[in-house]
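Order of the sequence lines sets the chain letters (A, B, ...), proteins ahead of strands, with each chain counted from 1.
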2 protein chains.
Amino acid sequence: MIVNKKQGKQSNIRAKSQEKILDAAQQEFILQSYKGATVQSIADRAGLPKANILYYFKNKENIYHAVLEQTLNMWDEGIGDIVIEDGPKVAIEKFIAAKVKMSFTYPSASKMHAIEVIQGAPHLKEFARTYLRQWVRTKAKLFQHWIDNGEMNDVDPVSLIILIFSSTQHYADFETQILTILNRAEYEPEDIEHVTKFLTDIILRGCGLKK
Amino acid sequence: MIVNKKQGKQSNIRAKSQEKILDAAQQEFILQSYKGATVQSIADRAGLPKANILYYFKNKENIYHAVLEQTLNMWDEGIGDIVIEDGPKVAIEKFIAAKVKMSFTYPSASKMHAIEVIQGAPHLKEFARTYLRQWVRTKAKLFQHWIDNGEMNDVDPVSLIILIFSSTQHYADFETQILTILNRAEYEPEDIEHVTKFLTDIILRGCGLKK
DNA sequence: TAGAAACTTGACCAGCAGGTCAAGAAAGTG
DNA sequence: CACTTTCTTGACCTGCTGGTCAAGTTTCTA
């Protein structure tokens, strides 16, 4: 874990500094990528001297790992959960709503993840191979169950999950491009609602869950 | 343009070398990002000495621009075109098919573009502001026309276009992750068909274009 | 076939990035 | 209030990177 276990309640100096560093590092890693983000640039953004950064994290690689871990935890917490009792309609609604909300609320987490994956996921292979693959399979089985039960159209469950991933994350990862196309400066709260409604509508109907 | 206009039919040495360099550079820029891709690594991948790379392209920035331009041209050629005579059903089918095919055939082009956009699109702002925005608006108007004509459901045309972009590109950009989830080594030709069919089915039905 | 143009390449250089270090300042503790 | 631990930081070092150069080789062309 990131937080030093040796700390009790005392000395939040460490925690405070680490948080500042990780926030700054995340931005730099997104904007400049791993090699382009220098320890100095992270230091400048965090408002600390370079040597101080290296005091808290032995080296740049460690900073990167910490940022990535933080990102994955956020993904894990934000994804929500769907259970068999939900039924396909509620499950899809919950799933889309959770992912859209996360994309608009923490776009940086999604961007970090995206850059990693596009570049071949050198640090995420293990996460994908174990955790994510299992997650997708478990949820796919749920959908398959509902399909077998005649509760929704016979669509490929894995493709459906991928569709929900892609269409929701896109608003985080491609934020810049979408805003440019729309000729807007930044997202507004209503956008979350609008996108959620649009995607839910299309996908539910696409699955035969809406007349 | 990339190709030196001064060349007639003679001397394809230049063309051959430039192509090798651009291919190598594209891979390096994807795998290592701009700063991480060194002229030496591009040279090694291209099988040429470093000084030779700098002979054909004055500096690293120029290589990057050339790769990006090539990428955008590919996007432009591969996107296909839809016209009012198509009607909504054929238009969506053509659009999805073209983008899926491109994603599976030239994933590198999509990845280059994605990295650029995620990092704030420093080199693509102009392209998006003029060309892409116009493209989306023109196509959105087509869909709006069909909606007003009662030929399809009343969905937001811009969101629809974004949905098609995101769900198709995802197979190129997140190739690594999808293959890992599926526990496969690489895509196979049938995948193009399968994904095209799946997305077309869901989205057509989502738009009320399929019983 | 001779001279010009295009190409090739090893050697070199200046600047910057990651990382170390040691000396000192602050904070915690008994 | 001693003294230990944690924190802070400027100075420094080494290796690598983008880019230059000039001497040579190959290809083109008249």
Q. Does a nitrogen or oxygen in the side chain of Arg14(A) sit under 4.0 Å from OP1 or OP2 of dT6(D)?
A. no

Q. Are His194(A) and Glu188(A) close enough that a side-chain donor and a side-chain acceptor fall under 3.5 Å?
A. no

Q: Return yes if a side-chain donor-acceptor contact under 3.5 Å exists between Asp191(B) and Tyr171(B), otherwise no.
A: no

Q: Assign a letter to each nucleotide of nucleotides 9-23 of chain D from its 5' end: B, base within under 4.0 Å of a protein heavy atom; S, sugar-phosphate only; -, no contact.
A: BB------SBBBB--

Q) Is the shortest side-chain N to carboxylate O distance from Glu19(B) to Lys16(B) below 4.0 Å? A) no

Q) How many Å lie between NZ on Lys20(A) and C1' on dT8(D), as a whole number? A) 12 Å

Q: To the nearest Å, give me how far apart CG (Asn62(A)) and C1' (dG19(C)) are.
A: 12 Å

Q) Between the side chain of Ser33(B) and the main-chain N/O of Gly36(B), is any donor-acceptor distance below 3.5 Å? A) no

Q) Relative to the ring of Phe174(A), is the ring of His113(B) parallel (under 30°), tilted (30 to 60°) or perpendicular (over 60°)? A) tilted

Q | Qualifying side-chain hydrogen bond (donor to acceptor under 3.5 Å, both in side chains) pairs with a residue from residues 42-56 of chain A, counting only residues at least two apart or across chains | A | Glu28(A)-Arg45(A), Gln40(A)-Asp44(A)

Q: To the nearest Å, give me how far apart OH (Tyr56(B)) and C1' (dA5(C)) are.
A: 12 Å

Q) What's the CD-C1' distance between Gln18(B) and dC7(C), to the nearest Å? A) 12 Å

Q: Return the value, rounded to whole Å, for the distance between atom CD1 of Ile13(B) and atom P of dT9(C).
A: 12 Å

Q | Rounded distance in Å - NZ (Lys16(A)) to C1' (dA27(C)) | A | 15 Å

